[in-house]
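Data first, discussion second: the structure below is written as structure tokens.
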Amino acid sequence: MNSVAVDDSDFVYAPGTSDAEIEAAAMEAALRHRRLVIGWRLGILVVLLGLWEVAARTGVIDAFFYSYPTAIAARLWELILEGTDEASLWYHLWLTMEEAIIGFVAGSALGILAGVALGRNKLAADICAPYIKTLNAIPRVVLAPIFILLLGFGLWSKVALAFIMVFFVVFSNAFQGVREADRAMIANAQILGARPWAVTTAVIIPSAMSWIFASLHISFSFAIVGAIVGEFVGARYGIGFLIQEARGVHDTAAMYAAIVLIVVVVLTAEWVMTRIENRLARWRPPVQGH
Amino acid sequence: MPDTPAIELVNVSRRFLSPDGHAFSTLKDFTLTVKRGEFVALVGPTGCGKSTTLNLITGLGHPSSGQVRVFGKPVSGIDPRIGFTFQADALFPWRNVLDNVVAGPLFRGRPKAESYDKARDWLARVGLTAFERHYPHQLSGGMRKRVALAQTFINNPEILLMDEPFSALDVQTRVLMHEELLQLWSETGAAVVFVTHDLEEAIALADTVYVLTARPATVKSVHPIDIPRPRVISEVRYEEHFIAISRRIWADLKQEVQMSTLAAA
Ligand SMILES: Nc1ncnc2c1ncn2[C@@H]1O[C@H](COP(=O)(O)OP(=O)(O)OP(=O)(O)O)[C@@H](O)[C@H]1O
Ligand SMILES: [Mg+2]
């Protein structure tokens, strides 16, 4: 402790404590942590799939009902190459996606619109509250047969179901987000000269955005649920239809293959959504601890 | 009429409803006059009604009785000549510094290019040119206050209302902000109503200090501050004269503070 620092470059550090060394050590530690995490993840995956495979092949679980990873992979490959009797796998997948995406986009757009409108208008919100509560209490999937009856076996009955799955989730989050908008910030905008519409677009909607995004994350998978349940109840194409068909002929491997496919789709959508959100939320302080 | 006062509150009362539905007065027979270009500080015990008073002047709140006039006209709606700085951070966190400062002119429908030029100009005046692309969370508390000042001053307010604007800052930064505020104010000549808990801050900045009573607030006493300008804030508080004024006003304020703590206990 008797070295006097004249300027930074002359400073004598204890061995192993220079800036460069500390930075290198921190980077090393972060890398090691990452490798460890990924290693464990892969390890667990291999063990689980391996156990499933072995258990099914040795008859511990019934391969007829539970199938097993290699059979599912093979069936998935076959489906990719040959499709089903009705259409190619891609057509089925695309149809389900189309239903989900239209329902998702319409449901979230109208959900945001309704949430913001009611969030800004206390009288309307109070009047509508019991109706919304009641509608919200309907388990969405019971509407599937009704929509099929009303809109037929085609695209639109599934779109309607996906829409209704998404709408209420996004609506209630947007509504809540609007209600939580900071009073001082609103007053600030008003005094700076914002008219009501500018207050809505410049303060209310941006501050509700994190609430809205939280709901968008879950609601894409809800839209998929809506589309697939709709297909279960009545359809000629689609992943839900494919699963129904496979059940009819006891083709469990195909059922699991379809599930794998859907999981991949939902995870991809989730990833895209996170990317978009990160772009839009550059203003936010980084979350601690990550 | 150049000699109509900037702000007049005449026998103003403001009543609120408590959560269990009872009406109670926050302001009672409140009378206050702020001349054009005058710097007024309001000090009073917590919860007495200082923020409520400012709200009445902005037009965001309405008096239960009495009259609030701005430049001789009764307040109806938000007057564009008024600027307001808040105690809490009221910057828009999703806008960068430049877009925060430019908000006012754009809200008021000024042309875009002109507004941005003006905003850059104001950022230069508060010394934040290098930070125009930063978001509020990337700034220190003092820098955020500077942005808030630029955001307010860019609208050329003729009346500036400040609700404990610097109470969240550390002492050194606060003194810097005081000097900055006085500098900006002397260039614009706006009438200022500055609410604070800090008596020294009030005396150092203001032409006139109003001491308010505990709730319901009325004006208890008015103290003209005859310290000449320009004032050097970092030194003025050590002058004999300053200390004498400070002692006199504190004797007045102390009773009210004690009363409001008794009432709260
Ligand atoms: N919108 C409101 N509804 C009901 N009561 C209110 C409302 N606004 C203020 N009050 C009450 O009026 C009183 C004065 O509030 P105000 O915010 O004006 O005090 P203040 O002097 O600014 O206090 P502080 O120094 O702590 O900021 C408080 O008792 C508060 O509870
Ligand atoms: Mg207050």
Side-chain angles (χ1 to χ4, degrees), chain A residues 112 115-116 119-123 126 173-174 176-216 273-290, chain B residues 51 54-55 57-61 75 77-110 115 119 133-139 144 147-148 150-157 159-165:
Chain A
I112 293 171
V116 171
R120 289 286 273 155
N121 187 337
K122 186 163 164 25
L123 180 65
D126 286 347
N173 268 48
Q176 190 63 24
V178 167
R179 283 304 179 83
E180 309 252 309
D182 187 60
R183 318 280 318 156
M185 222 180 280
I186 295 172
N188 191 22
Q190 287 175 315
I191 294 170
L192 288 172
R195 314 255 130 236
W197 177 247
V199 172
T200 302
T201 54
V203 183
I204 305 282
I205 292 180
S207 67
M209 218 52 208
S210 41
W211 281 83
I212 292 172
F213 255 102
S215 69
L216 293 185
M273 210 100 72
T274 308
R275 292 290 298 251
I276 297 175
E277 186 179 8
N278 286 346
R279 274 201 82 88
L280 289 177
R282 261 172 314 176
W283 56 270
R284 231 180 283 160
V287 181
Q288 293 297 302
H290 254 325
Chain B
S51 301
L54 295 188
N55 260 331
I57 303 170
T58 58
L60 287 172
V75 170
I78 296 165
D79 194 299
R81 290 168 295 187
I82 290 180
F84 200 117
T85 38
F86 292 81
Q87 171 174 15
D89 234 343
L91 295 177
F92 309 118
W94 46 84
R95 293 184 172 211
N96 66 30
V97 165
L98 182 64
D99 288 327
N100 261 288
V101 175
V102 86
L106 292 186
F107 282 150
R108 289 162 187 229
R110 314 290 312 160
S115 304
R133 302 260 160 241
H134 283 58
Y135 287 94
H137 77 87
Q138 298 167 318
L139 305 177
R144 282 204 289 271
V147 178
Q151 189 185 51
T152 305
F153 273 99
I154 194 173
N155 280 333
N156 299 322
I159 290 177
L160 183 56
L161 308 176
M162 309 186 84
D163 194 354
E164 305 184 36

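So you know, we letter chains A, B, ... as the sequences are listed, proteins then strands, and number each from 1. Bear in mind the structure is a predicted one, so any value in this text is a computation, not a measurement.
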When the 4.5 angstrom heavy-atom criterion is applied to A:R284 and chain B, the contacting part is backbone
Okay, B:P93 and chain A: the region with an atom under 4.5 Å from a heavy atom over there is both
Okay, B:Q87 and chain A: the region with an atom under 4.5 Å from a heavy atom over there is neither
Applying a strict 4.5 Å limit to non-hydrogen atoms, the region of A:V203 in contact with chain B is both
key: Derivation and outcome, side-chain contact (heavy atoms from CB on, under 4.5 Å), residues B:F86 and A:I191   = CA-CA 11 Å; B:F86 292 81; A:I191 294 170; 4.3 Å; yes
What one should report as the nearest heavy-atom pair of B:L60 and A:A187 is CD1-CB, 3.7 Å
What one should report as the nearest heavy-atom pair of A:N188 and B:F84 is OD1-O, 4.3 Å
Between B:I78 and A:Q190 the two heavy atoms that sit nearest each other are CD1-CB, 3.6 Å
Problem set entry | A:P206 vs B:R95 side-chain heavy atoms within contact, under 4.5 Å | no
Closest non-hydrogen contact found for B:A90 with A:A184 is CB-O, 4.0 Å
When the 4.5 angstrom heavy-atom criterion is applied to B:L91 and chain A, the contacting part is backbone
Interface check, chain A: of B:F92, B:F107, B:W94, most non-hydrogen pairs under 4.5 Å belong to B:W94
Cut-off 4.5 Å, heavy atoms of chain A, and the answer for B:Y135 is side chain
Residues 207-215 of chain A vs chain B, non-hydrogen distance cutoff under 4.5 Å, contacting residues -> A:S207
